[in-house]
Amino acid sequence: MSRRAIFLDRDGVLVEEIFYPQTGEREAPLVAEDVRLLPGVAPALRSLADAGYALVVISNQGAYAKGKTTLKALWLAHERFVALLAAQGARLDGCYYSYSHPNGTVPHFSGHSLERKPGPYNIFVAAAQLDLDTQGSWMIGDRETDVACATAAGLRPILISAAGPSPVLDADFIQVPDLSKAVQAILAT
């Protein structure tokens with residue numbers, strides 16, 4: 001029987017975005033030593049797992065495509081992320097990354113790609129591989145592309161944002177200030 005799942009964006013939801021002076025941007029960690037879990041992430045994930053949800057990360061990681069880091073550095077950042085969760089008793093059922101970027105400079109990783117959000121490609125791949133029920137599942141993210149991805153896949157979207165409601169989004173979604181409030185909203189349904 002298929003399981004319900006919580007699909008989660010990684011950076012800004014589970015992991016702190018880092019300001020890099022060389023790029024002038026806050027973005028996903030480019031190296032393993034910069035990976036830091038946001039406060040309360042592990043207990044929130046444990047609560048969702050205890051409620052029977054599979055936990056799956058769906059994340060765009062375009063830094064390699066933009067020439068900012070190596071694929072190996074991004075993989076080591078992923079391994080540190082998983083290790084930090086495990087050290088706090090939380091685990092994921094799967095992680096699906098898109099390493100491409102539409103404005104990238106690295107050959108074969110630049111331009112349009114199926115797996116990059118807002119497209120639902122990685123949601124459908126994860127659902128098939130992990131036997132997940134998308135109709136009873138949610139997606140938690142911090143960008144409009146996460147809401148669009150969730151909507152395209154038939155998931156219920158939650159947007160983490162401390163700002164007011166987004167006037168750009170034409171979708172039915174819940175907006176909360178952080179992951180713990182997202183978990184409360186899910187467990188209340």
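Counting begins at 1 with the first residue of the sequence.
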> Mind checking whether Tyr99 and Trp75 have side chains closer than 4.5 Å, heavy atoms only?
Replying inline: yes

> With side chains defined as the heavy atoms from C-beta onward, is the minimum distance between Leu92 and Val56 less than 4.5 Å?
Replying inline: no

> Which pair of non-hydrogen atoms, one from Val176 and one from Lys181, has the smallest distance, and what is that distance?
Replying inline: CB-CB, 3.7 Å

> Within a strict 4.5 Å, meaning less than it, do heavy atoms of the Gln88 and Leu37 side chains meet?
Replying inline: yes

> Does the side chain of Phe7 come within less than 4.5 Å of Ser137's, by heavy atoms?
Replying inline: yes

> Looking at Leu45 and Leu8, what are the two nearest heavy atoms and their distance?
Replying inline: CD2-CD1, 4.0 Å

> Out of curiosity, does Val15 fall in the hydrophobic cluster containing Val183 (side-chain heavy atoms, cut-off under 4.5 Å, transitive links)?
Replying inline: yes

> Between Thr151 and Pro157, is any pair of side-chain heavy atoms under 4.5 Å apart?
Replying inline: yes

>> Using the side chain to side chain donor-acceptor pair (under 3.5 Å) criterion, which residues pair with Gln129? Sequence neighbours excluded.
In response: Tyr96

>> Do the side chains of Glu17 and Arg26 get close enough for a salt bridge, i.e. N-O under 4.0 angstrom?
In response: no

> To the nearest 0.5 Å, how far apart are CG in Leu74 and CD in Glu79?
Replying inline: 12.0 Å

> Can you get from Leu71 to Leu76 by hopping between Ile, Leu, Val, Met, Phe, Trp and Tyr side chains that sit under 4.5 Å apart?
Replying inline: no

> Would a 4.5 Å heavy-atom cut-off, applied to side chains only, mark Leu38 and Leu179 as touching?
Replying inline: no

> Are Val31 and Leu14 connected in the hydrophobic side-chain network, where two residues link if heavy atoms are under 4.5 Å apart?
Replying inline: no

> Would you call Asp172-Arg156 a salt bridge at under 4.0 Å N-O?
Replying inline: no

> Which heavy atom of Thr105 sits nearest a heavy atom of Ser110, and at what distance?
Replying inline: N-OG, 3.1 Å

>> Rounded to the nearest 0.5 Å, what separates atom OG in Ser59 from atom CZ in Phe81?
In response: 8.5 Å

>> Measuring from atom CD of Glu144 to atom CZ of Phe173, what distance do you get when rounded to the nearest 0.5 angstrom?
In response: 8.0 Å

> Which value, rounded to the nearest 0.5 Å, describes the distance between Leu132 atom CG and Ile123 atom CD1?
Replying inline: 9.5 Å

>> Working note: Leu84 + Val35, criterion side-chain contact (heavy atoms from CB on, under 4.5 Å); need CA distance, chi angles, decisive distance, verdict.
In response: CA-CA 9 Å; Leu84 290 172; Val35 176; 3.9 Å; yes

>> I need the full list of salt bridge (Lys or Arg N to Asp or Glu O under 4.0 Å) pairs touching residues 50-74, with sequence neighbours left out, sorted by first then second residue.
In response: Glu25-Lys68, Glu27-Lys68

> Does any pair with a residue in residues 86-103 pass salt bridge (Lys or Arg N to Asp or Glu O under 4.0 Å), and if so which ones, sequence neighbours excluded?
Replying inline: Arg3-Asp93, Arg91-Asp93

>> For Pro177 versus Ile160, what's the shortest heavy-atom pair and its separation?
In response: O-CG2, 3.5 Å

> Do any N or O atoms from the side chain of Asn60 and from the backbone of Lys117 form a donor-acceptor pair under 3.5 angstrom?
Replying inline: yes

> Which heavy atom in Met139 sits nearest to a heavy atom in Cys149, and how many Å separate them?
Replying inline: SD-SG, 4.1 Å

> Same cluster or not: are Val125 and Leu114 linked, directly or through other Ile, Leu, Val, Met, Phe, Trp or Tyr residues, by side-chain heavy atoms under 4.5 angstrom apart?
Replying inline: yes

> Where is the tightest heavy-atom contact between Thr189 and Ile186, given as atom of each residue plus distance?
Replying inline: OG1-O, 2.7 Å

>> Return the CD1 to CG distance between Ile6 and Leu55, rounded to the nearest 0.5 Å.
In response: 7.0 Å

>> I'd like to know if the side chain of Arg116 reaches the main chain of Ser100, judged simply by a donor and an acceptor atom lying under 3.5 Å from each other, with no hydrogens or angles considered.
In response: yes

> Will you find, in the side chains of Gln61 and Arg10, an N or O donor that is under 3.5 Å from an N or O acceptor?
Replying inline: yes

> What about Trp138 and Val57, same hydrophobic cluster or not, with Ile/Leu/Val/Met/Phe/Trp/Tyr joined at side-chain heavy-atom distances under 4.5 Å?
Replying inline: yes

> How many angstroms lie between CG in Leu155 and CD1 in Ile58, if you round to the nearest 0.5 Å?
Replying inline: 9.0 Å

>> I want to know whether Phe109 and His101 have ring centres closer than 6.0 Å.
In response: no

>> Under a plain distance cut-off of 3.5 Å, with no hydrogens placed, do Asp34 and Tyr20 share a side-chain donor-acceptor pair?
In response: yes

